[in-house]
Visitor: 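Handing you a structure now.
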Amino acid sequence: MFKKILIANRGEIAVRVVRACHEMGIAAVAVYSDVDRASLHVRKADEAYPIGSAPAAESYLNIPKVLDVAARSGAEAIHPGYGFLSENPRFARACADAGVKFIGPTAAAMEAMGSKTRARQAVERFDVPMVPGTSSGLTSLEQAEQMAVQIGYPVMLKAAAGGGGKGMRLVHVPGELRSALESAQSEAERAFGDSEVYMEKAILNPRHIEIQIIADEHGNTVYLGERECSVQRRHQKVVEEAPSPIVDVEMRRRMGEVAVRVAQAAGYSNAGTVEFLVDQNQDFYFLEMNTRLQVEHPVTELVTGLDLVHLQIHIANGEPLPFRQQDIQIRGHAIECRIYAEDPDNNYFPSPGKITLLLLPSGPGIRRDSGMYEGWTVPMEYDPLLAKLIGYGTDRDQTIGRLARALNEYFVGGIKTNISLFRRILSSPDFRAAKIDTGFLDRLLKQKERSGDSKPGPQTTEVAVIAAGMFAVLGTAGASAGVHVVNGSTAQPAAGSKWKAAAEREALR
Amino acid sequence: MTYDVAIDGKSYRLDLDHIDDVWSCRVDGREVEVDAVLARPNVLSLRLGNAVFEVKCERVGADIHIWVGSQRFAAEIRDPRSLRGRVRAGDDEGPKKLTAPMPGKVVRLLLRQGSAVDAGGGVVVVEAMKMQNEVKSPKKGTVQKILVTEGAAVNAGDVLAIVE
């Protein structure tokens, strides 16, 4: 087994991988940019190396700097997390050339799946259902017009190198095609340095359901059930769950077998995800493969009882999968909320800044994968994902109840977060009835909040008034906790109790 | 202590006494029985009768937010004996400051000093976390002054421009 692993990432996922390393007795090496010295992943690691200034291109995306740290620290393997270098075949190849094990698929498998058009070509021979469309980039407006007539409007234009909804355009009528094609191409060029755009028949308001697969380096590939990620905003996932409320055992088997064929077509190893669109008839179509660990991997871990990061490390170490397909059981239900530093009252714009107060949820069925702590200043340079709150329970209803309860315990002060959005989602009748598709969240956000949700009762307002005054009276004394200020019965805590409380909280993680 | 507490556009006269760790409290002259524990800095456990509330205090710049459970209240607290801190009327008269809504970088100036601007017109674009945010004018008028340059780093609350 490896003795030391370098984590080429930051934030909650870097913390997640550091923890897995420590659980397996492996030393964890962090890298950090100038604005991340105080970040949690650096605090949790065994060694940490600065790798440059804040822009990712000069630090987390800089291959020579990351490999230099691997050499200096003696790390034998690199975990890329998600984002940054995780799906970059040049990086995987550079690791191999430097004699460092890349924890993920081979560069060749990444290349086969890295572009949506190449992925379509790679799986064409393997009986994989696909949305009708082109398997190569559009070369001219005329070709696009002919193609659109052939497959029928509405059509979707997509960047071949795409992700995160960039370079995507829905086209309803022929007159919109020219400007949609031009803007999709220029957006793709700006976002990915590749202007290739292809066309698919648009499936309106599909569900987004994906299959987690795991493959060793000896030809064994197993699917670990599905995740439903239909709750999206601007094509970005917001809530994910496993299992999908509409997938039964038979559908899971059919989707899983297709996913395994896709992975095998690419010669895939390690953890990966095969994404599908599911239409209203519950027919599913291959969308793309993500050649990395996903943000939402914890919901799969909770319903399968497996640790995907441990498995990734064992596989990279050359070990065979320790189970076969028939050993995989889906048990219970898990839902994940992505907690972002963004302002729900200001069109979800990012809200970096200092976290002045952090109250954490705990209790049954709650998992928190977090990269933040009280007193930390969220830097403005990176993705605003702060943490993931994951609920787990016997069934979907119990899980929703636990998550809603935990969201009420969660408090992040000093910056804006989208925690209130999840309260709205979880209390929405459509979400509770699992009537969700990729248009669900936009529809919900267009509705006005029900008056009962936003209008405080007179007693609540009175509490706020009184508390405001009390905080003013206490002034800086409000900074000393544990004082019971009533009926003369001052319950003064023993000195140092705050340290003890903090230690206990950490021990519970 | 006597405070005027403004919440949700309404003002309340609050009399609070805090003697020997016992609170006595009047809201608009009405006596309210209340008991409070400071659980940790900026977190109070409040009992009104037998109902229990967890209340958080969040200070963002000059603003005080009071959270009762998951309900947020913007509170203005002032001492009626002092003239300082008296709330100004929210009219459109006089120059208005445009402030950065978040820490970030100024990526673009949309207008020059002296340009006319409509209410809701964009003046400065601030970028943070790869998202661009247009800072808009609260009123129709003229851009009297622009206080930042393209590329400048700004903190939340920094004045970017003044519209007259």
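Quick note on labels: first sequence line is chain A, next is B, and so on, each numbered from 1.
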Visitor: Write down the atom of A:Pro352, the atom of B:Pro103, and the distance for their closest heavy-atom approach.
Guide: O-CD, 3.5 Å
Visitor: Under 4.5 Å from any heavy atom of chain B, what part of A:Ile466 do you find: side chain, backbone, both or neither?
Guide: both
Visitor: Looking at OG of B:Ser70 and CZ of A:Phe411, how far apart are the two atoms once the value is rounded to the nearest 0.5 Å?
Guide: 10.5 Å
Visitor: If you look at every heavy atom in B:Leu44 and A:Phe471, which pair is closest and at what distance?
Guide: CG-CZ, 3.7 Å
Visitor: Find the distance between CG (A:Asn347) and CD (B:Glu134) and round it off to the nearest 0.5 Å.
Guide: 12.0 Å
Visitor: Can you check whether A:Leu359 reaches B:Trp67 side chain to side chain, under 4.5 Å on heavy atoms?
Guide: no
Visitor: With distance as the sole test, does B:Glu58 use its side chain to make a donor-acceptor pair with the main-chain N or O of A:Gly413 at under 3.5 Å?
Guide: no
Visitor: Which answer fits B:Arg30, side chain, backbone, both or neither, if we ask what part of it has an atom under 4.5 Å from a heavy atom of chain A?
Guide: side chain
Visitor: So, for B:Val55 and A:Ala467, which heavy atoms are closest and what is the spacing to 0.1 Å?
Guide: CG1-CB, 3.4 Å
Visitor: Sort A:Leu407 into side chain, backbone, both or neither according to what part of it lies under 4.5 angstrom from a heavy atom of chain B.
Guide: neither
Visitor: With a 4.5 angstrom heavy-atom cut-off, which part of A:Lys416 approaches chain B: side chain, backbone, both or neither?
Guide: side chain
Visitor: Looking only at heavy atoms, what is the nearest atom pair of B:Leu16 and A:Met470, with distance?
Guide: CD1-N, 3.4 Å
Visitor: Please look at B:Asn155 and chain A and tell me whether the side chain, the backbone, both or neither of the residue comes under 4.5 angstrom of a heavy atom of that chain.
Guide: neither
Visitor: Taking all heavy atoms of A:Gln459 and all of B:Ala51, pick out the closest pair and write down the distance.
Guide: NE2-CB, 4.3 Å
Visitor: Assess whether side chain to side chain contact (heavy atoms under 4.5 Å, CB included) is satisfied between B:Lys105 and A:Glu381, documenting all intermediate values.
Guide: CA-CA 10 Å; B:Lys105 203 173 97 179; A:Glu381 283 83 359; over 6 Å; no
Visitor: Against chain B, label A:Asn346 side chain, backbone, both or neither, depending on which of its atoms sit under 4.5 Å from a heavy atom there.
Guide: side chain
Visitor: Supply the atom-to-atom distance B:Ile66 CD1 to A:Thr460 OG1, rounded to the nearest 0.5 angstrom.
Guide: 13.5 Å
Visitor: Is any side-chain heavy atom of B:Tyr12 less than 4.5 Å from a side-chain heavy atom of A:Glu462?
Guide: no
Visitor: Non-hydrogen atoms of chain B under 4.5 Å away: do they reach the side chain of A:Tyr348, the backbone, both or neither?
Guide: backbone
Visitor: Quick check on B:Ile64 against chain A: is it the side chain, the backbone, both or neither that has a heavy atom closer than 4.5 Å?
Guide: neither
Visitor: So which part of B:Arg47 gets closer than 4.5 Å to some heavy atom of chain A, the side chain, the backbone, both or neither?
Guide: neither
Visitor: Top residue by heavy-atom pair count (under 4.5 Å) with chain B, among A:Ser351, A:Gly414, A:Ser420?
Guide: A:Gly414
Visitor: Does the side chain of A:Glu409 come within less than 4.5 Å of B:Glu54's, by heavy atoms?
Guide: no
Visitor: Side chains of A:Val473 and B:Trp23, heavy atoms from C-beta outward: is any pair under 4.5 Å?
Guide: yes
Visitor: Please rank B:Gly69, B:Ala75, B:Cys57 by heavy-atom pairs under 4.5 Å with chain A and give me the top one.
Guide: B:Cys57
Visitor: Is any side-chain heavy atom of A:Thr461 closer than 4.5 Å to a side-chain heavy atom of B:Gln71?
Guide: no
Visitor: Which heavy atom in B:Phe73 sits nearest to a heavy atom in A:Ala464, and how many Å separate them?
Guide: CD1-CB, 3.6 Å
Visitor: Show your working on side chain to side chain contact (heavy atoms under 4.5 Å, CB included) between A:Thr356 and B:Asn42 and close with a plain yes or no.
Guide: CA-CA 9 Å; A:Thr356 54; B:Asn42 295 315; 6.0 Å; no
